[in-house]
Amino acid sequence: MQRPAKFSISVVIPAYNEADCVAKVSHELTRILSTLTPDFEILFIDDGSKDGTFARVTELAAKDSRINGICLSRNVGHMAALACGLDSARGDVVICMDADMQHPPELIPAMVAAWRDGYDVVNMLRRNTAETNAKGDLLSRLFYWTYNRTSDVQIIPHSPDFRLLDRRCVDALKSMTERLKFYRGMVPYIGFRQTLMEFDCPPRFAGKRSYTIRKSLKLASDGIVSFSDVGLKLPLIVGGFISFLAAIYIIVSIVLVLLKITPLAPGWVSLLSFNVLSLGLNLTFIGVFGLYIGKIFNEVKRRPLYFVQTAVGKPLPRRADTGLLEHRGEE
Ligand code: UDP
Ligand code: MG
């Protein structure tokens with residue numbers, strides 16, 4: 001595929017309490033992007049930081065018109081901040097990355113070269129995770145294992161939200177109107193020509209990780225619920241299996257009593273165990289249903305994902321539509 005000689009790049013960076021990182025990342029990005037194209041924008045999405053991140057972004061934007069910032073009205077989470085960035089980015093190529101230098105800017109020329117070779121999505125794969133502890137690693141492996149066995153799309157284990165997207169892919173993602181944005185599943189879902197590039201993930205430049213175990217678990221449950229209905233089918237499978245075992249148990253008990261091998265008085269321990277087991281299973285499945293119903297409840301409200309408080313900088317000029325919407329067969 002022939003790519004245009006002249007193209008623009010938007011780099012979208014969600015930032016939550018990253019005041020000590022934004023200057024470093026924008027300095028590195030400006031240096032590297034200038035070698036690729038004169039038309040670029042670095043777009044920080046301040047996700048309701050409390051440490052003056054947006055004040056730093058405003059200072060940077062005042063000095064360099066290619067640095068832009070959007071300040072959200074509160075902390076909406078990494079995925080929603082990323083959605084805001086994709087909605088606002090205007091480049092022919094959009095690169096999503098973290099603010100903490102864990103996604104090395106020096107890899108961008110290689111990512112753009114892959115785009116020039118005809119790939120529409122360049123997914124980045126972490127080779128090692130310097131900050132991952134054993135507990136987190138076990139949890140994430142369990143998550144990817146479950147996810148890929150139960151969901152409609154296959155996600156690449158340990159692939160972070162560091163990727164290059166062609167404009168058509170950004171428009172495709174924007175046309176997916178669900179409120180719950182799980183880009184690690186949405187990106188494989190859209191298709192197009194995708195490739196994978198490995199990288200070594202360095203430690204954070206400054207500050208501390210804001211993904212707590214609770215936030216990671218929420219992301220994992222969002223990911224499963226939004227691409228898989230296995231939780232809704234599970235009661236049928238487990239319930240059917242337990243009913244089958246119970247039927248055998250009842251038949252065997254009756255035969256043993258009839259043959260006078262055991263007396264009629266049943267063991268109360270086994271009775272109680274079955275009761276407790278069925279109560280536990282019932283409550284678990286009601287809880288899983290609750291997860292799905294909660295997501296449906298949030299989707300039907302159709303509330304905006306984020307509200308913009310203020311914005312600084314000069315965005316890239318508005319670009320022509322890719323024509324993707326016409327091909328969706330919509331009016
Ligand atoms: N982030 C965000 N909102 C949040 C949490 C994190 O925008 O509520 C951003 C954060 O500033 C960083 C990226 O998401 O740019 C990844 O977060 P972090 O480095 O804490 O997690 P990691 O993925 O490295 O474990
Ligand atoms: Mg990080």
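Every number for a ligand or one of its atoms is a count from 1 in the order of the listing.
The distance from ligand 1 to the heavy atoms of R209 drops below 4.0 Å at these ligand atoms: 20 (O), 21 (O), 22 (P), 25 (O). Of all atoms in ligand 1, numbered sequentially from 1 with element shown, those under 4.0 Å from a heavy atom of D100 are 19 (O), 24 (O). For ligand 1, the atoms sitting less than 4.0 Å from at least one non-hydrogen atom of A99 are 15 (O), numbered in the order shown with element in parentheses. Near R204, the atoms of ligand 1 lying under 4.0 angstrom from a non-hydrogen atom of the residue are 18 (P), 19 (O), 20 (O).
Remark: D20 engages R56 in a salt bridge, criterion side-chain N to carboxylate O under 4.0 Å. Using a 4.0 Å cut-off between charged nitrogen and carboxylate oxygen, K63 and E59 do not count as a salt-bridge pair.
Close N/O approach between R126 and ligand 1 is not found [any backbone or side-chain N/O within under 3.5 Å]. Polar contact check, K208 against ligand 1: no nitrogen or oxygen pair lies under 3.5 Å apart.
The closest side-chain donor-acceptor pair between S8 and D92 falls under 3.5 angstrom. Between the side chains of S10 and E41, at least one donor N or O sits under 3.5 Å from an acceptor N or O.
Between H103 and F162, the ring-plane angle classifies as parallel under the 30° and 60° cut-offs.
Taking the six-membered ring for Trp and the full ring otherwise, Y147 and F182 have centroids separated by under 6.0 Å.
Because the distance cut-off is set at 2.8 Å, D100 qualifies as a neighbour of the Mg ion (ligand 2) through one of its N, O or S atoms.
Other residues, nucleotides and ligands contribute over 12 non-hydrogen atoms within 6.0 Å of the NZ atom of K301. When the shell of 6.0 Å around OH of Y189 is examined, it contains 12 or fewer heavy atoms from other residues, nucleotides or ligands.
Contacts of D47 with ligand 1, taken as heavy-atom pairs under 4.0 Å, involve the side chain alone. The proximity of N75 to ligand 1, defined as any non-hydrogen pair under 4.0 Å, is limited to the side chain. Contact annotation: for E18 versus ligand 1, heavy atoms closer than 4.0 Å belong to the side chain alone.
Remark: distances from the non-hydrogen atoms of G77 to ligand 1 include one below 4.0 Å.
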